[in-house]
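Here's the structure, in structure tokens; my notes come after.
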Amino acid sequence: MSAEIVQFVGQAGPYLTAALGAYGAGVLTRTENAAVDATANVGRRMLQSVWRRRDEQGRAELEAAVQDAAEAVDDEDAAAALRQQLRRAVREDAELLRELAGLLPSVAGPVTVTASGERSIAAQTIGTAVTGDNVSLSRDQ
């Protein structure tokens, strides 16, 4: 598998997860919702583009993967199965890869993140940052 496909699927993952969280299993048939964030709408557009370009069997496989992932949003295996469907689709259709990659936000080049000062933290993206004077660590000895 080409590095381009691997990189694309890695970048697309959060968009697919957001789309499933916002739209559920109906993501393949729902229209864009202004109340849903842009990330989820990009994921929805990706999944719908893949669905439209698949044959009957491919659509059924994609629908099953979407259903499983929507029913178990914390299940890494279900998410991996959905990503596998995406990989298969773009591996078989180079034009689809270009179309879907065009939906991703452009990265404008290198990013510099600077933290300055006592106890400062810095990150381009961060899920959770825990800081403080009363942080305790437990160790099994």
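Note that the structure is predicted; figures quoted are calculated from it, not measured. Index from 1, following the sequence.
For the salt bridge (Lys or Arg N to Asp or Glu O under 4.0 Å) condition, the pairs that include at least one residue of residues 38-57, sequence neighbours left out, are E32-R44, R53-D93, R53-E99, R54-E92. A side chain to side chain donor-acceptor pair (under 3.5 Å) check over residues 60-69, counting only residues at least two apart or in different chains, returns the pairs W51-E63, Q57-E61, Q67-E71.
Contact detail for A72 and A78: the closest heavy-atom pair is O-CB, 4.4 Å. Taking each heavy atom of G58 and Q85 in turn, the nearest pair found is O-OE1, 4.4 Å. The nearest pair of heavy atoms linking A69 to L82 is CB-CD2, 4.2 Å. Nearest heavy atom pair, residue A19 against residue V27, reads CB-CG2, 3.9 Å. Of all the heavy atoms in A70 and G24, the pair that sits closest is CB-C, 3.8 Å.
By the side-chain contact (heavy atoms from CB on, under 4.5 Å) test, A79 is found to be paired with R83, residues two or more places apart in sequence or in another chain being considered. For E95, the salt bridge (charged side-chain N to carboxylate O under 4.0 Å, His left out) partners at least two apart in sequence or on another chain are R98. A search for side chain to side chain donor-acceptor pair (under 3.5 Å) contacts involving Y15 returns nothing, not counting sequence neighbours.
The backbone N or O of L104 sits nowhere less than 3.5 Å from a side-chain atom of Q11 that would complete a donor-acceptor pair.
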Pair L86-L62, side-chain contact (heavy atoms from CB on, under 4.5 Å): steps then yes or no: CA-CA 8 Å; L86 183 63; L62 180 61; over 6 Å; no

field: Verdict with reasoning, E4 to L97, per side-chain contact (heavy atoms from CB on, under 4.5 Å)
entry: CA-CA 9 Å; E4 181 182 19; L97 175 59; 3.7 Å; yes

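L16 CG to L47 CG: the interatomic distance, rounded to the nearest 0.5 Å, is 5.0 Å. F8 contributes atom CZ, which lies 4.5 Å from atom CG of L100 (distance to the nearest 0.5 angstrom).
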